[in-house]
Number of protein chains: 2
Amino acid sequence: MNLQELFGKRVRELRQKQELSQEALAFKAGIDRTYMTSIENGKRNVSIQNIEKVITALDVPVKDFFASDIFIEGKK
Amino acid sequence: MNLQELFGKRVRELRQKQELSQEALAFKAGIDRTYMTSIENGKRNVSIQNIEKVITALDVPVKDFFASDIFIEGKK
DNA sequence: TCAATATGTGACGTATAGTCCGTTGACTTA
DNA sequence: TAAGTCAACGGACTATACGTCACATATTGA
């Protein structure tokens, strides 16, 4: 699991916790609906500007976003 | 200060703490020296794959990299 | 003064990020 | 059956990041 995949996993986790659809989150973040899908599935090499957009749309501090066991080395 | 700039700032901070030159860190990360310069100066919209390369080269967990007051909202 | 080391800049071709349009299948509700 | 929502995918297109180069500047030491 690389950071790209872990990022998508974490986005999905937080999005579902808020009961938002991919489309709704994409709209909040100002990015394309289909792009949000591929981000969550770890298929895209997202840029840091879009990372910031998504995290902001999720309404969580950057610090908290990455303060998850998901990002601990060795996790499957 | 956007995330792009904060990222560069944090990279520089951790690199200097280890007394590495930009070139030495760039080599460890497998990227170009001049590219590392522009990353630290917040001039590049780095992708998540290169973010991972740099953080790995800094030899710090992702979690710890972002667990810095730098990333707290409202910081100049 | 010269050489070595470290950092920064602008520009450029190429690779790919990201958008836009549409389709499909799974699931739900009427 | 039909209609709606949602997630995923694909093709075609445009925007932009990647990766590198030549060059510049500053500092340090012989």
Side-chain angles (χ1 to χ4, degrees), chain A residues 1-63 65-66 68-71 75-76, chain B residues 1-62 65-66 68 70-71 75-76:
Chain A
M1 265 270 193
N2 54 31
L3 187 55
Q4 177 175 321
E5 292 168 319
L6 295 173
F7 177 75
K9 211 173 171 180
R10 179 71 168 145
V11 169
R12 172 160 294 169
E13 180 184 42
L14 293 172
R15 175 180 64 80
Q16 291 178 334
K17 200 170 292 179
Q18 300 181 41
E19 299 187 49
L20 286 171
S21 67
Q22 289 179 347
E23 188 165 16
L25 180 60
F27 181 79
K28 281 188 72 179
I31 65 179
D32 195 76
R33 160 185 67 87
T34 65
Y35 195 53
M36 183 64 75
T37 298
S38 46
I39 286 176
E40 284 193 3
N41 290 325
K43 304 236 175 80
R44 293 297 189 132
N45 186 13
V46 206
S47 71
I48 198 165
Q49 284 177 11
N50 282 329
I51 288 173
E52 183 168 27
K53 284 185 191 172
V54 171
I55 293 182
T56 301
L58 283 168
D59 214 34
V60 59
V62 175
K63 205 171 172 172
F65 181 91
F66 290 103
S68 165
D69 287 343
I70 285 183
F71 296 106
K75 248 280 197 172
K76 187 184 63 161
Chain B
M1 266 266 194
N2 54 31
L3 187 56
Q4 178 175 321
E5 293 168 319
L6 295 173
F7 176 76
K9 211 174 170 178
R10 179 70 168 144
V11 170
R12 173 160 293 170
E13 181 185 42
L14 293 172
R15 174 180 63 82
Q16 291 178 334
K17 199 170 293 180
Q18 299 180 43
E19 299 187 46
L20 286 172
S21 67
Q22 287 181 348
E23 188 164 16
L25 180 61
F27 181 78
K28 281 188 73 179
I31 66 181
D32 194 79
R33 170 190 72 78
T34 65
Y35 193 56
M36 182 65 74
T37 298
S38 46
I39 287 176
E40 283 193 5
N41 289 324
K43 302 245 173 75
R44 296 287 192 135
N45 186 13
V46 208
S47 72
I48 198 164
Q49 284 176 11
N50 281 332
I51 289 173
E52 183 168 27
K53 283 185 193 171
V54 172
I55 293 182
T56 301
L58 284 168
D59 213 34
V60 59
V62 176
F65 181 92
F66 290 102
S68 165
I70 284 184
F71 297 106
K75 247 283 194 171
K76 186 184 61 155

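By convention in this document, chain letters (A, B, ...) are assigned in the order of the sequence lines, proteins followed by strands, and residues within each chain are numbered from 1. Computed from a predicted model, the values in this text were never measured in an experiment.
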A:Glu40 has an atom CD; how far is it from atom P of D:dC9, in whole Å? 12 Å
Does a side-chain N or O of B:Lys43 approach OP1 or OP2 of D:dA17 to a distance below 4.0 Å, or not? no
Give a yes or no on this: more than 12 heavy atoms of other residues, nucleotides or ligands lie within 6.0 Å of atom CD of A:Glu23. no
pair A:Phe27-A:Leu20: side-chain heavy atoms closer than 4.5 Å: no
A:Thr34 side chain, from C-beta outward: closest of C:dG8, D:dT20, D:dC9: D:dC9
Among B:Leu14, B:Val46, B:Val11, which one satisfies side chain to side chain contact (heavy atoms under 4.5 Å, CB included) with B:Val54? B:Val11
Contact class for A:Ser21 vs. all strands (heavy atom < 4.0 Å): base, sugar-phosphate, or nothing? sugar-phosphate
Which label fits A:Phe7 and A:Phe65: parallel for a plane angle under 30°, tilted from 30 to 60°, or perpendicular past 60°? tilted
Within this structure, what is the CD1-to-P distance between A:Ile39 and D:dC9, rounded to whole angstrom? 14 Å
Would you say B:Arg44 places a side-chain N or O within less than 4.0 Å of OP1 or OP2 belonging to D:dT20? no
N/O (side chain, B:Asn41) to phosphate O (OP1/OP2, C:dT9) under 4.0 Å: yes
Need one value for A:Thr37: base, sugar-phosphate or nothing, where a base atom within 4.0 Å counts as base even if backbone is also close, heavy atoms only. base
Tell me the interatomic distance from B:Asn50, atom CG, to C:dA17, atom C1', rounded to whole angstroms. 13 Å
Mind checking whether B:Arg15 and B:Leu58 have side chains closer than 4.5 Å, heavy atoms only? yes
Hey, does the side chain of A:Arg12 come within less than 4.0 Å of D:dC6's phosphate (OP1/OP2), counting only N and O? no
Using a cut-off of 4.0 Å on non-hydrogen atoms, how would the nucleic acid contact of B:Ser38 be classed: base, sugar-phosphate, or nothing? nothing
Between CZ of A:Arg15 and P of D:dC6 the distance, given in whole Å, is 10 Å
For B:Glu23 and C:dT7, what is the distance between atoms CD and C1' respectively, to the nearest whole Å? 10 Å
note: A:Phe27, atom CZ; D:dC6, atom P; distance rounded to Å ~ 14 Å
Please work out if A:Ile31 contacts a base, only the sugar-phosphate, or nothing of the nucleic acid, heavy-atom cut-off 4.0 Å. sugar-phosphate
Over how many whole Å does the gap from A:Asp32 atom CG to D:dG10 atom P extend? 16 Å
For B:Asn45, answer base if it contacts any base atom (sugar-phosphate contacts may also be present), sugar-phosphate if it contacts only those atoms, and nothing otherwise; contact means non-hydrogen atoms under 4.0 Å. sugar-phosphate
Distance in angstrom units between A:Met36 CE and C:dC20 C1', rounded: 16 Å
Could you check whether the side chain of A:Arg33 and the base of C:dG22 have a donor-acceptor pair of N or O atoms closer than 3.5 Å, going by distance alone? yes
Mind checking A:Lys53 for me? I need base, sugar-phosphate or nothing, with any heavy atom below 4.0 Å counting as a touch. nothing
